[in-house]
Amino acid sequence: MATGRYWLIKSEPSVYAYARLEADGRTEWTGVRNFEARNNLRAMTPGDLCLYYHSNEDKAVVGVARVLSKPGPDPTAPGEDWASVDMGPLVAFTVPVTLATIKATPALKDFPLLTRSRLSVTPTPVEHFELVLKMGQTKLPKAPASKPKPKAKPGARP
DNA sequence: GCCAACGTTGGC
DNA sequence: GCCAACGTTGGC
(Lines give C-alpha, C1' and ligand atoms only; values in the text may rest on other atoms or scores of the structure.)
Protein backbone atom coordinates (compact mmCIF):
# COMPACT_ATOMS: atom_id res chain seq x y z
CA MET A 1 0.00 0.00 0.00
CA ALA A 2 1.11 3.52 -0.70
CA THR A 3 0.12 4.67 2.73
CA GLY A 4 3.22 5.06 4.82
CA ARG A 5 3.99 3.61 8.17
CA TYR A 6 4.38 5.38 11.46
CA TRP A 7 7.34 5.50 13.81
CA LEU A 8 8.69 7.21 16.85
CA ILE A 9 12.21 8.51 16.88
CA LYS A 10 14.10 9.88 19.85
CA SER A 11 16.66 12.57 20.19
CA GLU A 12 18.08 14.43 23.10
CA PRO A 13 17.17 18.06 22.55
CA SER A 14 20.68 19.14 23.50
CA VAL A 15 22.04 16.94 20.74
CA TYR A 16 19.53 17.54 17.96
CA ALA A 17 16.28 19.24 18.86
CA TYR A 18 13.21 19.34 16.67
CA ALA A 19 13.70 23.08 16.22
CA ARG A 20 17.04 22.35 14.68
CA LEU A 21 15.48 19.95 12.23
CA GLU A 22 13.12 22.74 11.26
CA ALA A 23 16.03 25.14 10.88
CA ASP A 24 18.01 22.66 8.83
CA GLY A 25 15.09 21.54 6.70
CA ARG A 26 16.65 18.15 6.27
CA THR A 27 19.10 15.99 8.13
CA GLU A 28 20.61 12.58 7.87
CA TRP A 29 19.45 10.46 10.80
CA THR A 30 22.66 8.75 11.82
CA GLY A 31 24.26 7.23 14.86
CA VAL A 32 21.78 4.47 15.59
CA ARG A 33 23.80 1.65 17.12
CA ASN A 34 21.21 -0.86 18.12
CA PHE A 35 20.29 -3.73 15.85
CA GLU A 36 16.59 -3.55 16.33
CA ALA A 37 16.52 0.21 15.88
CA ARG A 38 18.64 -0.22 12.78
CA ASN A 39 16.24 -2.75 11.36
CA ASN A 40 13.40 -0.35 12.02
CA LEU A 41 15.29 2.38 10.17
CA ARG A 42 15.76 0.01 7.27
CA ALA A 43 12.04 -0.65 7.15
CA MET A 44 11.29 3.03 6.58
CA THR A 45 10.12 4.32 3.25
CA PRO A 46 9.99 7.89 1.98
CA GLY A 47 6.86 9.62 3.21
CA ASP A 48 6.64 7.67 6.47
CA LEU A 49 5.84 9.85 9.46
CA CYS A 50 7.71 9.86 12.75
CA LEU A 51 6.70 11.21 16.11
CA TYR A 52 9.69 13.16 17.36
CA TYR A 53 10.45 12.57 21.03
CA HIS A 54 12.83 14.65 23.11
CA SER A 55 14.46 12.36 25.65
CA ASN A 56 16.10 13.28 28.93
CA GLU A 57 15.52 17.00 29.23
CA ASP A 58 12.03 17.39 27.83
CA LYS A 59 10.58 13.92 27.94
CA ALA A 60 7.92 14.87 25.46
CA VAL A 61 6.80 14.31 21.91
CA VAL A 62 7.24 17.67 20.24
CA GLY A 63 6.53 17.23 16.55
CA VAL A 64 6.28 15.07 13.48
CA ALA A 65 9.15 14.37 11.13
CA ARG A 66 8.95 12.87 7.68
CA VAL A 67 11.19 10.33 6.05
CA LEU A 68 12.67 11.88 2.92
CA SER A 69 14.85 9.12 1.53
CA LYS A 70 15.29 5.43 1.35
CA PRO A 71 17.51 3.98 4.04
CA GLY A 72 21.19 3.79 3.23
CA PRO A 73 24.43 3.03 5.03
CA ASP A 74 25.31 5.23 7.98
CA PRO A 75 28.24 7.40 6.83
CA THR A 76 29.33 7.94 10.43
CA ALA A 77 30.30 4.25 10.63
CA PRO A 78 32.13 3.52 7.40
CA GLY A 79 32.45 -0.15 6.60
CA GLU A 80 30.04 -1.16 9.33
CA ASP A 81 26.56 -2.48 8.95
CA TRP A 82 24.46 0.43 10.19
CA ALA A 83 21.75 2.47 8.55
CA SER A 84 20.51 6.01 8.16
CA VAL A 85 17.73 7.89 6.42
CA ASP A 86 17.09 11.51 5.58
CA MET A 87 14.51 13.22 7.77
CA GLY A 88 12.69 16.48 7.39
CA PRO A 89 10.33 18.41 9.65
CA LEU A 90 6.62 18.19 8.96
CA VAL A 91 4.85 19.94 11.81
CA ALA A 92 5.69 21.00 15.36
CA PHE A 93 3.18 20.18 18.06
CA THR A 94 1.08 23.03 19.38
CA VAL A 95 1.44 21.45 22.80
CA PRO A 96 4.20 18.98 23.68
CA VAL A 97 2.84 15.63 24.82
CA THR A 98 4.83 14.69 27.88
CA LEU A 99 5.86 11.24 28.95
CA ALA A 100 3.86 11.73 32.14
CA THR A 101 0.74 12.44 30.10
CA ILE A 102 1.37 9.48 27.87
CA LYS A 103 1.80 7.23 30.89
CA ALA A 104 -1.43 8.57 32.33
CA THR A 105 -3.35 7.75 29.15
CA PRO A 106 -4.80 4.24 29.26
CA ALA A 107 -5.18 4.06 25.48
CA LEU A 108 -1.41 4.45 25.22
CA LYS A 109 -0.40 1.77 27.65
CA ASP A 110 1.01 -0.31 24.80
CA PHE A 111 2.72 2.61 23.10
CA PRO A 112 6.19 1.35 22.16
CA LEU A 113 7.71 4.43 23.76
CA LEU A 114 6.62 2.89 27.06
CA THR A 115 6.95 -0.78 26.33
CA ARG A 116 10.30 -0.49 24.53
CA SER A 117 11.60 2.47 26.42
CA ARG A 118 15.23 2.11 25.45
CA LEU A 119 14.75 1.74 21.73
CA SER A 120 15.48 4.91 19.80
CA VAL A 121 13.47 3.98 16.71
CA THR A 122 10.16 2.18 17.20
CA PRO A 123 7.26 1.36 14.95
CA THR A 124 4.08 3.06 16.13
CA PRO A 125 0.56 1.82 15.53
CA VAL A 126 -1.48 4.33 13.56
CA GLU A 127 -4.03 4.71 16.34
CA HIS A 128 -1.27 5.68 18.77
CA PHE A 129 0.15 8.08 16.24
CA GLU A 130 -3.18 9.76 15.71
CA LEU A 131 -4.00 9.96 19.38
CA VAL A 132 -0.66 11.54 20.28
CA LEU A 133 -1.09 13.99 17.43
CA LYS A 134 -4.50 14.90 18.77
CA MET A 135 -3.14 15.28 22.29
CA GLY A 136 -0.58 17.65 20.83
CA GLN A 137 -3.49 19.66 19.41
CA THR A 138 -1.92 19.34 16.03
CA LYS A 139 -3.15 18.39 12.60
CA LEU A 140 -1.04 17.18 9.76
CA PRO A 141 -0.62 19.68 6.96
CA LYS A 142 -2.96 18.84 4.11
CA ALA A 143 -1.71 16.93 1.13
CA PRO A 144 1.98 16.49 1.92
CA ALA A 145 3.90 14.42 -0.56
CA SER A 146 2.75 12.10 -3.28
CA LYS A 147 -0.68 11.25 -1.94
CA PRO A 148 -3.78 11.56 -4.02
CA LYS A 149 -6.18 14.27 -2.98
CA PRO A 150 -8.75 13.13 -0.48
CA LYS A 151 -12.08 12.46 -2.04
CA ALA A 152 -14.86 14.84 -1.29
CA LYS A 153 -17.45 13.20 0.86
CA PRO A 154 -20.70 12.73 -0.93
CA GLY A 155 -23.27 15.18 0.29
CA ALA A 156 -20.85 17.08 2.47
CA ARG A 157 -20.61 20.81 2.76
CA PRO A 158 -22.34 23.22 0.42
C1' DG B 1 23.79 11.63 40.44
C1' DC B 2 21.68 7.32 41.06
C1' DC B 3 19.77 3.29 39.47
C1' DA B 4 16.78 0.08 36.67
C1' DA B 5 16.32 -1.99 32.32
C1' DC B 6 18.27 -4.20 28.86
C1' DG B 7 21.34 -4.94 24.85
C1' DT B 8 25.98 -6.60 23.89
C1' DT B 9 30.29 -9.00 24.68
C1' DG B 10 33.17 -12.58 25.93
C1' DG B 11 34.54 -16.64 28.69
C1' DC B 12 33.59 -21.24 29.33
C1' DG C 1 24.87 -21.90 23.46
C1' DC C 2 24.57 -20.27 28.14
C1' DC C 3 25.31 -16.78 31.34
C1' DA C 4 27.91 -13.30 33.93
C1' DA C 5 30.00 -8.89 33.35
C1' DC C 6 29.81 -4.71 31.36
C1' DG C 7 28.12 -0.51 29.02
C1' DT C 8 24.50 2.55 27.69
C1' DT C 9 20.07 4.68 27.82
C1' DG C 10 17.02 7.34 30.03
C1' DG C 11 13.72 8.24 33.87
C1' DC C 12 13.58 9.94 38.45
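Throughout, protein chains are lettered first and strands after them, A, B, ... in sequence-line order, and every chain is numbered starting at 1. When reading the values below, keep in mind they use all heavy atoms of this one structure, side chains included, and skip hydrogens, waters and symmetry mates.
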If we fit an axis to the first five pairs and another to the last five of the helix from B/dG1-C/dC12 to B/dC12-C/dG1, what angle do they make, to the nearest 10°?
10°
Less than 4.0 angstrom between a side-chain N/O of [X] and OP1 or OP2 of [N], yes or no?
| X | N | answer |
| --- | --- | --- |
| A/Lys10 | C/dG10 | yes |
| A/Arg33 | B/dG7 | no |
| A/Tyr53 | C/dG11 | yes |
| A/Lys103 | C/dC12 | yes |

Round to the nearest Å and state the distance from [X] atom [atom1] to [N] atom [atom2].
| X | N | atom1 | atom2 | answer |
| --- | --- | --- | --- | --- |
| A/Ile9 | C/dT9 | CD1 | P | 16 Å |
| A/Asp58 | C/dG10 | CG | P | 14 Å |
| A/Leu114 | C/dG10 | CG | P | 13 Å |
| A/Trp82 | B/dG7 | CH2 | P | 13 Å |
| A/Lys59 | C/dC12 | NZ | P | 6 Å |
| A/Arg116 | C/dT8 | CZ | C1' | 15 Å |
| A/Leu99 | C/dT9 | CG | P | 18 Å |
| A/Asn39 | B/dG7 | CG | P | 13 Å |

I'd like to know if A/Arg118 reaches the base of C/dT8 with its side chain, counting only an N/O donor and acceptor under 3.5 Å.
yes
So, A/Thr27 and A/Asp24: side-chain donor and acceptor under 3.5 Å apart, yes or no?
no
Side chains of A/Ser55 and A/Arg118: any donor to acceptor distance under 3.5 Å?
no
Base, sugar-phosphate, or nothing: which does A/Asn56 touch, judged by heavy atoms less than 4.0 Å apart?
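Here A/Asn56 touches the bases of the nucleic acid.
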Let me know which of A/Val97, A/Val61, A/Leu49, A/Val64 forms a side-chain contact (heavy atoms from CB on, under 4.5 Å) with A/Leu133.
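By the side-chain contact (heavy atoms from CB on, under 4.5 Å) criterion, A/Leu133 pairs with just one of A/Val97, A/Val61, A/Leu49, A/Val64: A/Val64.
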When the aromatic ring centroids of A/Tyr52 and A/Trp7 are compared, is their separation below 6.0 Å?
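For A/Tyr52 and A/Trp7, the ring centres are not under 6.0 Å apart.
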To the nearest 0.5 Å, what is the distance between CD on A/Glu12 and OH on A/Tyr53?
10.5 Å
Test log, rule side chain to side chain donor-acceptor pair (under 3.5 Å), inputs A/Thr76 and A/Arg33
CA-CA 11 Å; A/Thr76 66; A/Arg33 295 292 182 273; 3.0 Å; yes
Is there a donor-acceptor contact under 3.5 Å from the side chain of A/Asp48 to the main chain of A/Gly4?
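Checking the backbone N and O of A/Gly4 against the side chain of A/Asp48, no donor-acceptor pair under 3.5 Å is found.
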